[in-house]
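A quick write-up on the structure given underneath.
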Amino acid sequence: MNRVLSACVLLFSSVFYGYSQSLESTEITKKTAPAVVLLKGVTDKGNLLGSGFVISSDGKIATNLHVIQELKSGGVQLASGDKCDSFSILAFDERKDIAIIKVPGFDLPTVTLGNSNTIQVGEPVLIVGSPLGLQGSVTTGVISSMRDDPSGGGFKTIQTDAAASPGNSGGPLVNQKAEVIGIVTFKAAGGENLNFAIPVNYLRGLMESLSPPMSLEELRLKLANRTDVFRTDAFPSRWKSLVSGTTKVIRRDGDNLYVETVLPDAAKQAGCFNLAELHKQGDSFTGTGRESCVCQYVKRRLTGPVTETARYTSEFPIEITKISPTRIEGIGSAFPRDAKLDCEKGQYSKPSGRVPFTWIPE
């Protein structure tokens, strides 16, 4: 009996000790938030916001590559309110979407980097960042899963239900010891709290391979001079939409892209199709999509109700703004969920609206 009691006391003490090493959210925020920064910049398409975190007191900052790679100009605002009107780039990993930038600094507050190999599904985490530019915002959640990169990039990602919004990209995912274990990078559209972060150990590796500082213009040129994004051995032909879940088949012919949405067999047999033709315009592809299908409605006649079949067709603008072998982003068009189709007239009750989309390799 004494042995059992001793074992229980020992187990209780171990569990209590483990929890005692964890910090409250307020303490974690106090330790982390002073080192989290807001990135602001201008691209050809407008203003851009993102987050980052200071990893060395001399001004080295970690963020996402996609936050900075299209900037024509950009700066950093520290948590203290101090602003740096420009920065240089020391390293980047295009596949994993991480980058290290540098601003002039001395004795800046820094984060503590953890070990992403030791994280556990279910453990509490925080996200600190600047959603929609609201610097210093904190959300909480848990680690939902460790997954292979959904885009097939050949690396791991951390899934979390801690809320993230545009502007959080590049910010830290923090554990209960106030250690950064991930870099917030993207969310799965169409789902609730399906957010993903790049494990911090990939950043640790990048920190060991810093290059001479380069400007934003030099970064863009370096990325542009890389191997053709459409080379057949790297660019997938089949893609999955994170918004609608549909499969897209892409074919390139010179400066033209042809995108077919794969429809169910029954729809194809009825003559339905969804096709888009886009043409290269600078760094993007723009064009028109065409959707056509059939529907049925009841027509009242003197002899009684008769079921009629009609075809409806719609055209919509589509633009691909960012394209790589692992990710495609752009803006398409969709009807509101509560819009109803008037089959007889071949039109919806509400007009379509512009909707952003993200596709990843299937």
Side-chain angles (χ1 to χ4, degrees), residues 21-23 25 27-39 50-68 76 79 89-102 108-130 138-151 153-164 167-187 194-210 326:
Q21 303 307 299
S22 300
L23 303 175
S25 297
E27 297 178 78
I28 299 170
T29 303
K30 288 178 182 178
K31 288 177 175 289
T32 306
V36 180
V37 306
L38 167 65
L39 278 76
S51 301
F53 50 94
V54 183
I55 56 177
S56 68
S57 60
D58 63 351
K60 295 184 183 72
I61 295 169
T63 187
N64 284 146
L65 178 61
H66 80 256
V67 170
I68 63 171
V76 174
I89 299 94
L90 299 181
F92 66 89
D93 185 326
E94 188 174 9
R95 179 184 295 271
K96 299 181 181 70
D97 191 24
I98 53 179
I100 297 174
I101 65 176
K102 176 76 166 61
L108 298 181
T110 63
V111 298
T112 300
L113 300 183
N115 182 354
S116 51
N117 287 341
T118 64
I119 63 178
Q120 298 292 321
V121 173
E123 71 172 279
V125 289
L126 284 80
I127 290 177
V128 186
S130 305
V138 178
T139 57
T140 61
V142 299
I143 293 175
S144 305
S145 181
M146 285 293 296
R147 299 190 182 278
D148 292 332
D149 170 40
S151 65
F155 57 89
K156 297 294 184 181
T157 60
I158 304 169
Q159 179 186 333
T160 178
D161 65 351
N168 273 121
S169 289
L173 180 70
V174 187
N175 66 14
Q176 289 291 288
K177 297 179 182 179
E179 298 171 336
V180 174
I181 55 172
I183 306 168
V184 179
T185 186
F186 69 92
K187 66 184 300 178
L194 294 176
N195 303 307
F196 293 84
I198 302 299
V200 76
N201 286 3
Y202 293 129
L203 172 64
R204 286 182 175 274
L206 192 62
M207 292 167 63
E208 300 300 321
S209 56
L210 301 182
T326 59

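Once rounded to the nearest 0.5 Å, the distance linking CG of Leu173 with CD1 of Ile119 reads 7.5 Å. In this structure, Thr157 OG1 and Arg147 CZ are separated by 8.0 Å, a value rounded to the nearest 0.5 Å. Put simply, CE on Met207 and OG on Ser56 are 7.0 Å apart, with the number rounded to the nearest 0.5 Å. Atom-to-atom distance recorded for Ile55:CD1 and Leu108:CG is 12.0 Å, nearest 0.5 angstrom. Here the CD-CD distance, from Glu27 to Gln176, works out to 10.0 Å after rounding to the nearest 0.5 Å. Here the straight-line distance linking atom OG1 of Thr185 with atom CG of Asp97 works out to 4.0 Å at 0.5 Å rounding.
Counting heavy atoms from C-beta on, the side chains of Gln159 and Val121 never come closer than 4.5 Å. Tyr202 is listed as a side-chain neighbour of Ile98, based on a closest heavy-atom distance under 4.5 Å. Counting heavy atoms from C-beta outward, Val184 and Ser51 have side chains that stay 4.5 Å or more apart. When side chains are defined from C-beta on, Leu39 counts as touching Ile101, because their heavy atoms get closer than 4.5 Å. Looking at heavy atoms from C-beta onward, Phe53 lies out of side-chain contact with Thr32 at the 4.5 angstrom threshold. The shortest side-chain heavy-atom distance between Leu65 and Glu94 falls under the 4.5 Å cut-off. With contacts defined as side-chain heavy-atom distances shorter than 4.5 Å, the pair Glu179/Leu113 does not qualify. Asn117 has its side chain within reach of Asn201: a pair of non-hydrogen atoms, C-beta onward, lies under 4.5 Å apart.
Minimum interatomic distance between Leu203 and Ala62 (heavy atoms only, all atoms of both residues): CD2-CB, 3.7 Å. When all heavy atoms of Ala162 and Gly141 are compared, the closest pair comes out as CB-N, 3.9 Å. Smallest separation of non-hydrogen atoms from Pro34 and Pro109: O-CG, 3.3 Å. Between Glu123 and Gln120, the closest heavy-atom pair is OE2-N, 2.7 Å. Shown here for Ala33 and Ala79, the closest heavy-atom pair between the two residues is O-CB, 3.5 Å.
Under the side-chain hydrogen bond (donor to acceptor under 3.5 Å, both in side chains) criterion, Lys31 pairs with no residue at all, not counting sequence neighbours. With sequence neighbours left out, the side-chain hydrogen bond (donor to acceptor under 3.5 Å, both in side chains) criterion links Thr63 to no other residue.
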Item to check | side-chain contact (heavy atoms from CB on, under 4.5 Å) between Asp58 and Lys102, intermediate numbers included | outcome: CA-CA 8 Å; Asp58 63 351; Lys102 176 76 166 61; 4.1 Å; yes
Next on the checklist: Before you tell me yes or no, could you show the steps for Ile158 and Ile143 under side-chain contact (heavy atoms from CB on, under 4.5 Å), namely the whole-Å CA-CA distance, both residues' side-chain angles and the distance that decides it to 0.1 Å?
Outcome noted: CA-CA 7 Å; Ile158 304 169; Ile143 293 175; 4.0 Å; yes
Checklist entry - Going through the distances and angles, do Thr139 and Asn168 end up as a side-chain contact (heavy atoms from CB on, under 4.5 Å)? => result CA-CA 10 Å; Thr139 57; Asn168 273 121; 5.9 Å; no
Item to check | side-chain contact (heavy atoms from CB on, under 4.5 Å) assessment of Leu210 paired with Lys60 | outcome: CA-CA 11 Å; Leu210 301 182; Lys60 295 184 183 72; 3.7 Å; yes
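A donor-acceptor pair under 3.5 Å links the side-chain atoms of Thr160 to the main chain of Val142, judged by distance alone. Judged purely by atom type and a 3.5 angstrom limit, Asn64 has no side-chain atom pairing as donor or acceptor with the backbone of His66.
Exactly one residue among Val36, Ile28, Thr29, Ile127 makes a side chain to side chain contact (heavy atoms under 4.5 Å, CB included) with Val138. That residue is Thr29.
Counted by atom type alone, Ser144 and Asp161 present zero donor-acceptor pairs between their side chains at under 3.5 Å.
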